[in-house]
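Worth knowing before you read on, the calculation uses all heavy atoms, side chains too, and leaves out hydrogens, waters and symmetry mates. So you know, we letter chains A, B, ... as the sequences are listed, proteins then strands, and number each from 1.
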Amino acid sequence: MTRAGRDKFAQKSLGGLHRNIKQAKCLMVGAGGIGCELLKNLVLTGFGEIHIVDLDTIDLSNLNRQFLFGRQHIKKPKALVAKETASRFNPNTKLTAHHANIKDSNFNVAWFKSFTIVFNALDNLDARRHVNKMCLAADVPLIESGTTGFNGQVQVISKAVTECYDCTTKPIPKSFPVCTIRSTPSQPIHCIVWAKSYLFNELFGASEDEVPEFDHSEDTDNAQEIKNLRQEAQELKRIRETLGQPEFAQNVFEKVFNKDITRLLEMKDMWKNRKPPAPLSFTSLSRGSLSSCPSDQRIWTPEENLWVFCDSLDRLSLRILGLKSMGEDLLLSFDKDDEDKLDFVAASANLRSQVFDIGCQSKFNIKQMAGNIIPAIATTNAITAGICVMQAFKVLKQKIKDARMVFLSMSGDRGLITEPLRTPNPSCQICGVARLDFECDTSKIQLQEFIKVVLQDVFEYSPSISILHDKLIYDEEYDDNLDASFENLGITDGSFLTILDESDDDQPRRVNLIVQIKTRSPSEPEKSFVIPHRIDIPMKQAQPPSLDSLVLSGKDFGRNNSPHVSNEVEQSRKRKAEDTLDSNQEPSKKVKAEGEIIIIDDGYIEID
Amino acid sequence: MSVPGAPTAKEKKYDRQLRLWGAGGQEALETAHILLINATAAGSETLKNLVLPGVGQFTIVDQAVVTDEDLGTNFFLDDSSIGLSRAQKACELLCELNPEVQGHFIKDTIENIVKSSPEKLKDFTTVIATGDVCTDTLLSLDAILYPLGIPIFVVKCVGFTMSCRLALAEHPIVETHPASTVDLRLFNPFPELSALVDEKTAFINDQEKMTTHEHGHLPYVLILLQTLNEWKSTHDNQPPSNYSQKNEFKSLLRSKMWNADEENFEEAIAAVLPHFNPPSIPSETRAIFQDEKCTSLTKESTQFWVIARAIKEFSEKNDGLLPLPGALPDMKAESKDYIRLQNIYKSKARADLAAVVGIVRDLLKGLGRDGGEIAESEVETFCKHAGYAKLIRGRSLNEEYEKSPKAQVISNELSDPTSLIHYYLGLRAYEAFISEQSNAQRTAPGAEDSTVDADTEKLKKHVTELLDKLSITYSSELLEGTEKAIGEIVRAGGGELHNISSLTGGVVAQEVIKVITKQYIPMNNTVLFDGISSRTTVYQL
C-alpha cells in the first residue's frame, strides 16, 4: 500500500524539513512519561530511525500517563514494549530498543556520534548529566526535558553554542547527618529516613553504611556517638536472628523504641536545648485489634501504629522465611510500591515521631516522602514532548539560534514562558573545558608516565594538578596510584579523565582538561601511547561570574524535586545546624568551596 | 500477596495525579462525561489525556470515515480503520487505554444534533469542539450550553497553530493551589502571639540574661514582632510604610545581631519586604464578597456562595481580616519553640474556622436549610484559601461574536506584527471560509494547490470583513502580521501536524481538568499557540 496520504499534511506543513526528518537518526533516552509521548510524536512526524534506551520496567502507577503500556505489560521492559506498541503506527520508521543503562560502556562517544539528535526524557539528575556530557563529547545536539506535576521545561543544548545542562547549578540533593537521623530527629522526614534506610535495612536488607541518605561529613565531630550507634546496630543484627519467633516484633520494638531511646536519654548534654525523647513500652501500649490496615489517607492513632508495626513485621518475616525455605537467602530492599514494606516504614516512622514528639504523617504522605515521588500527569508530558519536537525542527533546520528555552507554568495568565537560549557559562566545569583524545595501550601505560610525558612535557602543567576518573586518582598529596597501569585503575577505551589545574589562587589557572581514552592496537608494541599534539588550553576567567546570576529566579524550578516534598526538604535543611550533636558548631561544608562538582569527600553521596 | 486495607489497584494507578488534585478532584473527574465533537487528531489526543487519568465517560460525535491522511496524524487510528466510522474506531482505540472509562460514539454531525435533539447536550459535563464546525453551529451550541453552565472548549488546530476558546459562565475556584498560604499577622498579631513575643524576646538586647545560642535561635517571626513594637514606639505607633522606612527597619534588625552569622536575623531581614504589607483583602476575594450572589443569598445558593458570605461576615467582625490559614514557614529555631509557635498559629486558625462554621450554620438556618448540609472540611478548605480564591465570570461565544465583541483588545495588538492576535484573526477567517460551504463538500483553504491564491484572498477578505464589523480601522501595514498568519494557515491546507495536535491535546485536556476539578486557575478565555516561535498568549475576548 502506498503511504503518500499518510505524509500528506506533514509534507505540506514541514516543506523541505520533512526530508531532513526522514533521514534523521535519533536517540531517545528514557521511555517513561515524556518518552511515550515523544516516541509517538517522532514516529508520527516521520522520523527515519529512532533508538530507545531505558533501564526500567513497567509499573502499575505508570499507566495513568504512559499510554504505550497496558496492564498486560506490567514488569516488562519499557524500552521493548514502547518499541513494540509504537512500531504499529508508522511502518516507515525504524525502531531499535535497548533495555539497558545509558551509562553502560557500549554507549560510548562513537555510538553517540552516530545520531543526528538526542532527546533526554529522563527522571534523574545523574543520567541527565551523563547524557549531557556524552553529547558534548560527541558534539551531538541534545533536547533536554523534564516535568514535575504541572510544570515542565525544555532546553536545547549544543556544544559551544548554548549553555549545557550543568552550566547552571542544580538543586542540591538531600542527605542528612547521621546523628540527625539516628539520635536527634526533629522532622517527620528524619523519622521516615530512619525507618526506611536504617531500621528496615538492618532487619531485612544490607547494612546502613551503604545508604546514600546518610551524610557522614560530620561523623568526626561526633565520634563517640557514632561509636555508640555502631554498637546499637550490632545489637539489632542479633535480634534479626530471632526473626520468625513469636516475640520478634516485641524484641525489635523494645530495642528501638525503648532501650536505644533510654540510652540516648543518658546523654544529658544532648537534651539541654532539646526536648528529650520519651521511650515507649511495648507491654503498656494497647495494640488494639484491627481486622485490616487502616486508611492511608489519615494519620493513624498510636494503637494503629503499633498494630501495623507488628502486622507488617509478621508479613515481612513470613516472606523472608518463605524465601529461606526455598533455599534462597535474599535481602529485601525498600520499595515504596510494596505494601508490606511501606506499612512497616510508615508505622515505624510514626512510632519514632511519637517518641520524639514530632507530628505523625499519613501513610499516603510517607509514601511520597520515602519514595521521592514526583507527581506526574499525561497533560504536562504531552505539552513538553510536543515542544521537544518543535525544538528538534529548529535543530534539524540548522537554525539552533531560533530554538528556545521553554517553561510550562500552571498560571492561568500564560501557558508557556519562552526565552532565547543562553550562551555557555565560561566557568562551567562540564562544557567550559578543553578536550583531548589520547591513544594508548591501557594495559601498559602507567599513571606517572602519563603525568610526566603527556601532562608535564607536552602541556607544561605544573605539579599542582588533580586527576579524576569518577573519583580522585591523583593529586600532589595522593600519589598511591603512580605505578598503576590505566587498566588497573579501571581506565579503558572510552573512559574520561579530568585534569584540574590546582595552581595557587594568585596564579592564573587553566580550565579543566577532559582526556578521552582510546585504546590502541599494538602495531608498535614497544610504544605504549601516542604523544598527542599540544592543544591550547585557555585560562579560567579571573573572576568567574556568580552562578546565581545565571539562574533566573523562580524559573529554574527543580527538575527532580516535587513541590510537595520540597517543603519538607527545605525544613530539614534549615534545621540541620540545630540538629548536629554539638549545636554551637556549624556543619562542615559539603560541597567544596569552589563548587567543583566532583565530590571527593567520601562522606557525601548524592541522591536523586 | 494482597494486603487488606492497602490502596486499591485504582488508587495505585492514579497515585501520581492524586498527589496533584486529591481524592476530591479525582471524584469530579470520574463522574464527568465529556462530549468530543469530531475525532480529529487534536480531539483524540485531548480525550487520550482525559481517559488516562480516568474521566468517567466520553462520547464522540463524528460522521466522517477514516482516511489515509488521518493515519498520519491520529495515533488512535490504524490501517484496519480505513473506510470505517472515525467516531467508532477512535472510541474503540481510546477505550483500550483505560478499562475504567466508558466510551460512546454517535455517527452523526453536531449540526444535526443541535437541530434535531439539542436536549441530548444537557447531559454532558463539558463539551469540546474540534475540527471544522461552522459558526452558526458553534453559536447555537453556545446558546444552549452557556446558560446551563456547561463549559464549551472550541479548539482549532491548523498547521503550526492552535487556539482554544473556553466559554464558561460562572466558575468559582477555592483550591487555586497558590505557592504559599502563609500569613504571619505581623501588623496585627493576636494576643497569644504577642504574649509569646513578650516572653521570648524580653532579653533580646541583654547578653547577661540570654545565651548566644538562645539569641541565635529566636524564631524570626518573634524578632520581627519585637522590633516592630520598638519601631512603632518611636513612629506614632505606625509600622514602616515605604521602601526607605523598610530599609531603615532592616538596619534596626541588623543592629540587634550579636554576631555576623545569626541566620535567624538574616531570615528576619529577608522577610521584611515580602511580609510587611498592610493587611487588606485581595482584589479577587473582594470581588467575590461584592458579587451579588454573595450579598444576597437564596435558598438555592451553592455551597461556595454560602461559605464566601460567612467569611465576608467574619472579616467584617474582625477588622477586615480573613480567617488565618495557619501555615508557618520553616525557620531557624529550637524545635520546641518552633512547635510552640506553630501551635499558636494553628490554634488561632482553628478558632477562626470555628467562628466561620458558626456563621455558615446560622446562614443556612436563616435560609430555611439544614445547618449541617455543608461539611466542616469544606469550610476549612475555603478558610485556608480565603485570600486566594478566585471567581471567573466568562464570556459566551455569542458575546464575543455578536453582542459585545472586544474590539479594543484586538485593535491594540494589530500594530505588533509578532502578536498572536493575527492568528486569532486568521483562524476566525478560516472558520468563516468553512462556514460558507455546505456540509457535504467542505474543503479547507489551501487544500488544493490550484486554489491556494484564491483561498488566501478569500481569507483576507474575511479578516477585513470581521474588522469592519468590529469598527476597527486598519491599514495594509497593520495587516502584515495577519497576512503572514493567513499564509501559514493556507499552507497547512486544513491539515493537522501530529506534533501540534498532540501538544494541543495536552493544553486542552489540562484546561478541561482544571475546570472539571474546580482546582487551579484555567486560562480565561482564549489561548493561542504558535509552534514556530513556541509562544502562547492568553486573551480575554
Legend entry - Contact class of B/S533 relative to chain A, heavy atoms under 4.5 angstrom: backbone
Legend entry - Under 4.5 Å from a heavy atom of chain A, the part of B/L50 involved: neither
Inset, instruction - Name all residues meeting the ring-ring contact (aromatic ring centres under 6.0 Å, His included) criterion together with A/F89; count only those two or more places apart in sequence or in a different chain, and write none if there are none. - result: B/F75
Inset, instruction - Name the option with the most non-hydrogen atom pairs under 4.5 Å to chain A; the candidates are B/G495, B/G494, B/G446, B/G493. - result: B/G495
Legend entry - Heavy-atom proximity to chain A below 4.5 Å, by part of B/E214: neither
Inset, instruction - Against chain A, work out which of B/S180, B/A492, B/S502 has the most heavy-atom pairs shorter than 4.5 Å and name it. - result: B/S502
Legend entry - Interatomic spacing from NZ in B/K12 to CG in B/L18 - rounded to 0.5 Å: 13.5 Å
Inset, instruction - Can you tell which part of B/I513 gets under 4.5 Å to a heavy atom of chain A, answering side chain, backbone, both or neither? - result: side chain
Legend entry - Largest heavy-atom contact set with chain A, pairs under 4.5 Å, which of B/L503, B/N49, B/N499, B/T504: B/N499
Inset, instruction - Just give me the residue among B/E96, B/E511, B/H498, B/R535 that pairs up with chain A most often, heavy atom to heavy atom, under 4.5 Å. - result: B/H498
Legend entry - B/V527 versus chain A, the contacting section by heavy-atom distance below 4.5 Å: neither
Inset, instruction - For B/R491, check salt bridge (Lys or Arg N to Asp or Glu O under 4.0 Å) against everything at least two apart and list the hits. - result: B/E488
